[in-house]
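Right, one structure below, let's go through it.
Throughout, protein chains are lettered first and strands after them, A, B, ... in sequence-line order, and every chain is numbered starting at 1. If you're wondering where the values come from, they're calculated on a predicted model, not measured in any experiment.
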Protein chains: 2
Amino acid sequence: MNHNVYHSIAEKLPTMSKSHKKIAKFILENTNTVPFFTVAKMAKKAEVSEATVVRFAVQLGYSGYPELQQHMQNSVQQQLTTVERLQMSSQVYEGKEQGIYDIFQDDIENIKTTMGKLDISAFNNAVNAILNAKKVYISANRSAASLGVFLQYYLNIVLENTELIRSVEELPEQLYKLDSRDVVFGISFARYSSSTVKTMAFAKKQGAKTIVLTDNLLSPLVPNSDIVLTAASQVPTFIDSFAAPLSLINALVTHVGKERINDVDCHLEKMEEIWEQLGIFYQKGHEESNES
Amino acid sequence: MNHNVYHSIAEKLPTMSKSHKKIAKFILENTNTVPFFTVAKMAKKAEVSEATVVRFAVQLGYSGYPELQQHMQNSVQQQLTTVERLQMSSQVYEGKEQGIYDIFQDDIENIKTTMGKLDISAFNNAVNAILNAKKVYISANRSAASLGVFLQYYLNIVLENTELIRSVEELPEQLYKLDSRDVVFGISFARYSSSTVKTMAFAKKQGAKTIVLTDNLLSPLVPNSDIVLTAASQVPTFIDSFAAPLSLINALVTHVGKERINDVDCHLEKMEEIWEQLGIFYQKGHEESNES
DNA sequence: TGTATAATGAAATAAAAATTTCATAAATTT
DNA sequence: AAATTTATGAAATTTTTATTTCATTATACA
């Protein structure tokens with residue numbers, strides 16, 4: 001168990017006193033700044049006395065505050081060296097860790113590539129098309145379904161008119177009344193799902209506005225689309241990496257949301273009420289209520 | 001005016017005395033550790049006296065060593081808190097394009113942060129737990145459902161024993177026979193879904209191995225989990241950004257897959273056949289076959 | 001509800017860190 | 001090379017920071 005400072009704090013959190021919890025919480029929420037704090041500053045920020053801060057450190061098993069601080073500082077230093085090492089990259093790593101970090105590194109590259117190749121006018125067209133749509137249908141299958149779920153969830157919060165199509169089978173019922181005021185958004189990446197390809201072809205034929213998110217312009221989705229967005233998804237393994245496409249979807253949803261800022265605020269408030277009534281989101285304080 | 005401490009040190013280096021050069025050089029070569037040093041440590045490391053270290057700080061224009069230290073610490077914090085700064089400052093984006101790129105940039109930062117903070121042993125434990133599981137259940141709701149869908153899709157290709165639980169309602173039927181050889185994988189981020197929290201609490205009580213992917217150690221999922229993985233998801237908008245968590249899931253699936261390399265190959269071959277028969281994936285040449 | 005126990009903060013004390021002093025040793029100038 | 005200036009380190013001093021004490025408040029227990 002290579003428990004670092006923060007893990008051990010988090011672990012002991014439940015058994016801590018009120019003030020100690022305040023300190024623990026503050027530390028865990030500010031891991032980047034806290035290692036620099038003196039006892040006095042820590043006490044002030046966490047709204048407890050200096051004595052309590054010292055007792056906190058001792059209770060965690062350290063000889064005093066300086067020792068706790070030392071451990072937190074090491075954590076920051078490690079963090080930086082890890083990132084730096086990776087930035088420099090090219091260095092050969094030993095063992096398993098290499099592979100883990102490589103995947104993150106690949107995703108960063110994918111996002112950079114996506115950013116670099118982004119067609120801003122296509123992006124803006126997509127935002128406008130979505131904003132003006134009567135209804136937005138999203139077609140995404142297989143692994144890309146995850147992207148579809150994400151896009152649908154947030155677009156629906158903003159627009160309240162978004163639906164997810166999971167396969168061609170359920171397509172006809174949903175889409176037979178499709179017209180030019182609707183938008184169909186297709187998402188598919190290499191080993192393109194034939195279901196999504198067919199859906200887009202159908203949508204196009206019906207005269208709907210079609211947007212696709214895919215990996216490149218050779219994708220079979222392209223011929224049937226009015227607006228093409230591309231995102232990099234290459235990693236040298238058997239899976240697709242969707243970090244970059246997801247980031248692009250983030251940007252898309254954010255910009256649609258920005259245009260609809262007032263509507264969204266209003267809608268979010270309504271949603272808040274409903275969520276609260278249904279207990280959709282976890283609330284502090286209710287935590288131990290159903291335990292012995 | 002963007003002169004930070006290190007720039008001004010580098011600038012004045014040529015005019016410095018012997019001992020001061022020693023200090024300056026040491027600082028510039030150890031920007032990550034030096035901000036934590038006391039005068040004494042600094043003196044020892046740079047092989048000069050404490051008095052000289054103090055004089056060095058004064059000569060640079062600071063009131064004393066603590067002020068120099070303060071500036072160096074700010075530098076470290078800035079490195080780490082691009083994301084936080086954005087949240088604080090809530091600067092209004094000017095040009096639209098900048099806003100688009102900022103989102104990608106934030107996601108890159110999120111991935112870097114996630115990478116830096118990754119607990120490798122927790123990661124390896126998660127991989128092993130999944131590999132040894134009789135069955136893997138994934139609990140993910142709301143926006144995090146997208147991550148759940150992705151994880152389930154790929155884990156199922158590798159292991160053939162993965163199921164997605166979408167809400168507590170369908171929980172009892174799936175989980176009543178849960179035992180210690182099963183793994184339950186919970187995914188939830190700020191505004192934690194109470195459904196997922198409850199599911200994890202139940203799983204833990206039943207004695208299953210629990211893994212969670214969440215944003216930090218204060219998450220309500222943590223108390224009910226054996227293995228905790230954290231990923232950054234902060235962007236200064238109304239949505240959660242899942243690029244970093246997704247990247248972490250990529251890494252996880254890849255590593256599980258690597259361990260099962262032979263099984264996976266074999267399984268993928270079988271899947272290929274099935275996919276081909278069902279026409280799941282798009283094939284060149286067949287594209288217009290069922291059109292016009 | 002009263003009692004025992006634990007937790008807390010203000011202030012005193014101890015410890016550590018930074019700064020200054022001063023004698024000495026390098027440079028620099030003539 | 002001698003005189004002057006400048007830089008340096010050991011030790012003393014000052015300042016800052018951490019810890020302990022003790023009276024008070026909050027919490028748990030019976």
Side-chain angles (χ1 to χ4, degrees), chain A residues 5 8-9 11-28 30 33-77 284-285 287-289 291-292, chain B residues 5 8-9 11-27 30 33-77:
Chain A
V5 211
S8 88
I9 291 174
E11 211 166 66
K12 287 163 191 162
L13 192 84
T15 68
M16 283 179 186
S17 73
K18 224 172 177 179
S19 302
H20 283 202
K21 267 182 187 161
K22 265 172 148 182
I23 300 171
K25 234 185 130 184
F26 187 84
I27 290 177
L28 293 176
N30 298 278
T33 51
V34 148
F36 299 103
F37 285 12
T38 61
V39 171
K41 197 166 183 186
M42 184 77 227
K44 202 173 166 191
K45 289 278 185 176
E47 295 177 307
V48 298
S49 73
E50 302 189 8
T52 303
V53 172
V54 173
R55 290 191 199 105
F56 177 85
V58 173
Q59 201 137 317
L60 281 172
Y62 299 103
S63 66
Y65 182 78
E67 198 177 306
L68 166 62
Q69 192 183 37
Q70 182 70 46
H71 281 254
M72 298 193 296
Q73 291 181 353
N74 289 341
S75 215
V76 172
Q77 288 174 20
K284 302 185 263 190
E287 49 208 300
E288 253 83 45
S289 61
E291 292 291 307
S292 60
Chain B
V5 213
S8 88
I9 292 174
E11 211 166 65
K12 287 164 191 161
L13 193 90
T15 69
M16 284 179 184
S17 75
K18 221 172 176 180
S19 303
H20 283 203
K21 269 182 186 161
K22 264 171 148 181
I23 300 171
K25 238 185 126 183
F26 186 83
I27 290 178
N30 299 277
T33 50
V34 149
F36 299 104
F37 285 11
T38 62
V39 171
K41 197 165 181 186
M42 183 79 227
K44 202 175 165 190
K45 289 278 185 175
E47 296 180 304
V48 298
S49 72
E50 301 190 10
T52 303
V53 172
V54 174
R55 290 188 199 105
F56 176 85
V58 172
Q59 202 136 317
L60 280 173
Y62 299 104
S63 67
Y65 182 79
E67 198 178 304
L68 165 62
Q69 192 183 36
Q70 181 71 46
H71 281 256
M72 297 193 296
Q73 291 182 353
N74 288 342
S75 213
V76 173
Q77 288 175 20

Is it true that atom NZ of K12(A) has more than 12 heavy atoms of other residues, nucleotides or ligands lying nearer than 6.0 Å?
->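 Yes, because the 6.0 Å sphere around NZ of K12(A) holds more than 12 heavy atoms from other groups.
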Is K22(A) atom NZ crowded by more than 12 heavy atoms from other residues, nucleotides or ligands, each under 6.0 Å away?
->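 Above 12, so yes.
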Report the residue (S19(A) or G64(B)) whose heavy-atom-nearest nucleotide on DNA chain C is the more 5′ of the two.
->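 The residue closer to the strand's 5' end, by nearest nucleotide, is S19(A).
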If you round to the nearest 0.5 Å, how far is CE of M42(A) from CD of E50(A)?
->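 Rounded to the nearest 0.5 Å, the CD-CE separation comes to 12.0 Å.
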Spacing of CD1 belonging to I27(A) relative to CG belonging to L68(A), to within rounding of 0.5 Å |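 It comes to 5.5 Å.
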Under 4.5 Å between any side-chain heavy atoms of F36(A) and Q69(B), yes or no?
->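 F36(A) vs Q69(B): side chains apart.
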Between the two end axes of the helix from dT1(C)-dA30(D) to dT30(C)-dA1(D), each built from 5 base pairs, what angle do you get to the nearest 10°?
->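 Here the local axes at opposite ends form an angle of 30°.
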Between which nucleotides of DNA chain D, read 5' to 3', does contact with chain B run, using atoms under 4.0 Å from its heavy atoms?
->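 With heavy atoms of chain B under 4.0 Å away, the range is dA7(D) to dA10(D).
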Are the side chain of Q73(B) and the backbone of P35(B) linked by a donor-acceptor contact shorter than 3.5 Å?
->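 Answer holds: yes.
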Rounded to whole angstroms, how far apart are CD on Q70(A) and P on dA17(C)?
->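 From Q70(A) CD to dA17(C) P: 11 Å.
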Given atom CD of E67(A) and atom C1' of dA15(C), what is their separation to the nearest angstrom?
->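 Rounded to the whole Å, the gap is 16 Å.
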Could you list the residues that satisfy side chain to side chain contact (heavy atoms under 4.5 Å, CB included) with S17(B), not counting sequence neighbours?
->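 Listed in chain order: H20(B).
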Can you name the residues that form a side chain to side chain contact (heavy atoms under 4.5 Å, CB included) with K21(A), not counting sequence neighbours?
->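 Applying side chain to side chain contact (heavy atoms under 4.5 Å, CB included) to K21(A) gives L13(A), M16(A).
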Could you go through residues 52-66 of chain A and list every donor-acceptor pair under 3.5 Å that involves a side-chain atom there, pairing it with any protein atom two or more places apart or in another chain?
residue : atom : partner : partner atom : Å
T52(A)  : OG1  : S49(A)  : OG           : 3.0
S63(A)  : OG   : E67(A)  : OE1          : 2.7
Y65(A)  : OH   : F37(A)  : O            : 2.8

Do the side-chain N or O atoms of K18(B) get closer than 4.0 angstrom to the phosphate oxygens (OP1, OP2) of dA26(C)?
->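 Result: no.
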For DNA chain C, what residues of residues 50-60 of chain A have any heavy atom nearer than 4.0 Å?
->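 Of all residues in residues 50-60 of chain A, the ones placing a heavy atom under 4.0 Å from DNA chain C are A51(A), T52(A), R55(A).
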